[in-house]
Number of protein chains: 2
Amino acid sequence: MQKETLCLGLLSLGPRSGYEIKQMFEGPLSDFYSLSFGTIYPTLNNLQADKYVSCKQHSQSKKPDKKVYTITKKGMELMKDNLLSDASSYIRSGNFGDQIKSEFFLLLLFSKYLPKETMDTVLNERVLYLRQKLEQFKYDGPVPGNLDAIRNEKSVSFIRGLASSLIETGLNYMEKNRHLLKEKTK
Amino acid sequence: MQKETLCLGLLSLGPRSGYEIKQMFEGPLSDFYSLSFGTIYPTLNNLQADKYVSCKQHSQSKKPDKKVYTITKKGMELMKDNLLSDASSYIRSGNFGDQIKSEFFLLLLFSKYLPKETMDTVLNERVLYLRQKLEQFKYDGPVPGNLDAIRNEKSVSFIRGLASSLIETGLNYMEKNRHLLKEKTK
DNA sequence: ATTATATATATCATTCTGATATATATACGC
DNA sequence: GCGTATATATATCAGAATGATATATATAAT
């Protein structure tokens with residue numbers, strides 16, 4: 001999916017600044033996709049130049065102006081069109097996997113070259129991290145206003161449920177099977 | 001993890017050409033990490049220049065020579081050193097998540113802007129794809145000589161078991177809960 | 001008092017991907 | 001037997017994206 005479509009999609013949930021869009025990518029969304037500042041800011045500028053979003057500057061003495069972007073009608077149309085062609089090409093491509101870079105799995109793969117205490121720490125920390133993630137996905141209390149809109153999306157409850165079951169499965173598997181990694185060759 | 005360490009790690013399983021390393025990234029490894037030709041070939045050239053790998057050219061009349069790289073002692077040492085410092089900085093960094101770009105989850109997130117038949121196809125194809133992946137991870141028969149070494153790694157049986165349980169969980173969840181996505185707003 | 005973190009945008013070198021170029025063998029349908 | 005597609009094999013490079021840095025200040029923590 002193009003960065004433009006993605007930014008428009010997030011802005012369709014409500015007006016936001018570039019900084020706030022980045023915050024969305026650092027929240028629960030980070031587990032599925034992310035964009036950096038170096039991508040977000042230029043994209044917003046381009047979208048504004050082409051009238052897909054409008055921008056209101058909120059002066060904040062001495063801090064840089066906060067630029068709050070609102071999606072326009074033209075922007076909504078572009079987003080929907082792009083989304084449809086993205087879905088079509090996703091289907092046509094036949095590539096339904098996700099693009100993943102997992103340092104954890106590489107360390108696992110080469111664990112025989114690592115001291116077993118090191119690998120033990122890696123696993124422990126991963127477990128701790130996953131427990132934390134699980135809590136986040138299950139947490140149903142209030143969230144910062146910023147992230148509220150995305151939280152209330154219908155599809156998000158489906159996604160949160162899916163993520164929770166996956167993490168639970170991963171944790172159970174690791175607790176039951178991590179002893180397998182200890183049988184080292186030499 | 002640096003591309004150099006990763007290539008050395010794969011070469012530690014046995015001598016291989018750049019093309020064959022790429023094949024490993026297209027097999028089951030693709031679900032955890034991948035590198036493109038544009039990264040693999042220059043990396044191998046650099047590793048060779050610095051004597052971390054040696055290279056034997058196998059002439060194949062009219063096809064480009066097949067360059068088979070073998071990791072040297074110096075290369076093994078560098079790999080182990082790098083692996084250790086990678087593990088340490090992985091632990092220190094506190095970032096235990098994987099880097100993921102999932103077109104599928106983005107389409108889910110914005111599914112309310114898509115016709116429900118389109119989203120239905122997306123889900124069906126994803127299910128088909130995951131069933132196929134599951135079979136691959138569970139498959140215990142012979143594999144091409146190329147991929148045999150990685151298959152026989154101790155850690156790989158742990159990883160395959162983990163991947164299989166995760167996919168099964170995902171499939172079950174999707175089958176039980178996909179109706180939730182059909183309740184569309186408007 | 002000092003350090004760290006949060007807000008806020010912008011830019012850019014370095015890195016990586018995805019596509020393309022080159023060249024041939026083999027398999028497949030018709 | 002003929003065209004098409006796929007597999008083998010390396011190399012290069014334009015374009016895209018990241019991660020770091022610059023700038024500036026307020027606030028919270030130690």
Side-chain angles (χ1 to χ4, degrees), chain A residues 1-7 15-27 30 33-49 53 55-69 89 93-95 97-103 106 144-147, chain B residues 1-7 15-27 30 33-49 53 55-69 89 93-95 97-103 106 144-147:
Chain A
M1 187 175 297
Q2 293 171 77
K3 54 200 154 101
E4 287 81 11
T5 316
L6 183 44
C7 287
R16 261 169 194 66
S17 68
Y19 190 81
E20 287 165 339
I21 288 178
K22 177 74 213 224
Q23 284 182 319
M24 296 175 95
F25 282 122
E26 272 161 2
S30 71
Y33 217 95
S34 190
L35 292 178
S36 67
F37 281 126
T39 299
I40 294 169
Y41 285 122
T43 300
L44 288 172
N45 287 332
N46 294 340
L47 287 172
Q48 189 189 359
V53 299
C55 177
K56 259 188 199 159
Q57 304 224 172
H58 297 243
S59 296
Q60 321 183 81
S61 59
K62 304 287 182 169
K63 255 190 276 188
D65 287 5
K66 185 172 174 172
K67 295 179 172 181
V68 176
Y69 295 91
S89 65
S93 79
N95 179 20
D98 304 328
Q99 195 200 303
I100 300 179
K101 302 247 163 181
S102 174
E103 182 83 4
L106 291 186
N146 217 359
L147 305 173
Chain B
M1 186 174 299
Q2 293 171 76
K3 53 197 161 93
E4 288 82 10
T5 315
L6 182 44
C7 287
R16 259 169 195 67
S17 67
Y19 190 80
E20 286 164 339
I21 287 177
K22 178 74 215 230
Q23 284 181 320
M24 297 175 95
F25 282 122
E26 272 160 2
S30 72
Y33 217 94
S34 190
L35 292 178
S36 66
F37 280 126
T39 300
I40 294 169
Y41 285 123
T43 300
L44 289 172
N45 287 332
N46 293 340
L47 287 172
Q48 190 190 358
V53 300
C55 177
K56 258 188 198 158
Q57 304 225 170
H58 298 241
S59 297
Q60 320 184 82
S61 59
K62 305 287 182 169
K63 254 190 277 188
D65 288 4
K66 185 173 175 174
K67 295 177 170 181
V68 175
Y69 296 91
S89 65
S93 79
N95 179 19
D98 305 328
Q99 196 200 304
I100 301 180
K101 302 246 163 182
S102 174
E103 182 82 5
L106 291 187
N146 218 358
L147 305 173

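Residue numbers begin at 1 in each chain, while the letters A, B, ... track the order of the sequences.
- Taking each heavy atom of A:Tyr33 and A:Met1 in turn, the nearest pair found is OH-O, 3.9 Å.
- Atoms NZ (A:Lys22) and P (C:dA10) sit 15 Å apart, rounded to a whole Å.
- If you check every strand for non-hydrogen atoms under 4.0 Å, B:Gln23 touches sugar and phosphate atoms only.
- The distance between atom CD1 of A:Ile40 and atom C1' of C:dT9, rounded to the nearest whole Å, is 11 Å.
- Across the protein-nucleic acid pair, A:Leu44 atom CG and C:dA8 atom P stand 14 Å apart, rounded to whole Å.
- Candidate nucleotides C:dT11, D:dA11, D:dA9 were compared by shortest atom distance to the side chain of B:Asn45, and D:dA11 ranks first.
- Distance check, rounded to the nearest 0.5 Å: CD1 of B:Ile40 to OH of B:Tyr69 gives 11.0 Å.
- Taking the side chain as every heavy atom from C-beta outward, B:Lys101 and A:Leu35 approach each other to under 4.5 Å.
- Not a single donor-acceptor pair under 3.5 Å links the side chain of A:Ser34 to the backbone N or O of A:Ser30.
- Within the 4.0 Å cut-off from OP1 or OP2 of D:dA11, at least one side-chain nitrogen or oxygen of B:Lys67 is found.
- The CG atom of B:Asp65 sits 13 Å away from the P atom of C:dT24 (whole-angstrom rounding).
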Can you tabulate the close N/O pairs, meaning under 3.5 Å, that link protein atoms to atoms of nucleotides 18-22 of chain D?
{"unit_1": "D:dT18", "atom_1": "OP1", "unit_2": "A:Ser34", "atom_2": "O", "d": "3.3"}
{"unit_1": "D:dT18", "atom_1": "OP1", "unit_2": "B:Lys101", "atom_2": "NZ", "d": "2.7"}
{"unit_1": "D:dT18", "atom_1": "OP2", "unit_2": "A:Ser36", "atom_2": "N", "d": "3.3"}
{"unit_1": "D:dT18", "atom_1": "OP2", "unit_2": "A:Ser36", "atom_2": "OG", "d": "3.3"}
{"unit_1": "D:dT18", "atom_1": "OP2", "unit_2": "A:Thr39", "atom_2": "OG1", "d": "2.7"}

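- Between B:His58 atom NE2 and D:dT10 atom C1' there is a gap of 15 Å when expressed in whole angstrom units.
- Between the P atom of D:dT6 and the CD atom of B:Glu26 lies a distance of 14 Å, rounded to the nearest Å.
- Of the inter-residue distances, the one linking A:Cys55 atom SG with A:Leu47 atom CG reads 11.5 Å to the nearest 0.5 angstrom.
- For the OP1/OP2 pair of C:dT9 and a distance below 4.0 Å, the side-chain nitrogens and oxygens of A:Tyr19 include no atom meeting the criterion.
- Here A:Tyr41 reaches the OP1 or OP2 of C:dT9: one of its side-chain N or O atoms lies under 4.0 Å away.
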Report all side-chain donor-acceptor pairs from residues 15-25 of chain B shorter than 3.5 Å, counting only partners two or more places apart or in another chain.
{"unit_1": "B:Arg16", "atom_1": "NH1", "unit_2": "B:Gly14", "atom_2": "O", "d": "3.0"}
{"unit_1": "B:Arg16", "atom_1": "NH2", "unit_2": "B:Asn146", "atom_2": "O", "d": "2.8"}
{"unit_1": "B:Ser17", "atom_1": "OG", "unit_2": "B:Glu20", "atom_2": "N", "d": "3.1"}
{"unit_1": "B:Ser17", "atom_1": "OG", "unit_2": "B:Glu20", "atom_2": "OE1", "d": "3.3"}
{"unit_1": "B:Glu20", "atom_1": "OE1", "unit_2": "B:Ser17", "atom_2": "N", "d": "3.0"}
{"unit_1": "B:Glu20", "atom_1": "OE2", "unit_2": "B:Lys66", "atom_2": "NZ", "d": "3.0"}
{"unit_1": "B:Gln23", "atom_1": "OE1", "unit_2": "B:Asn146", "atom_2": "ND2", "d": "2.2"}

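- The line from CG of B:Asp98 to CG of A:Asp98 is 11.0 Å long, rounded to the nearest 0.5 Å.
- For the pair B:Lys3 NZ and C:dT14 P, the computed distance is 13 Å after rounding to whole Å.
- What separates CD1 of A:Ile21 from P of C:dA10 is a distance of 12 Å, to the nearest Å.
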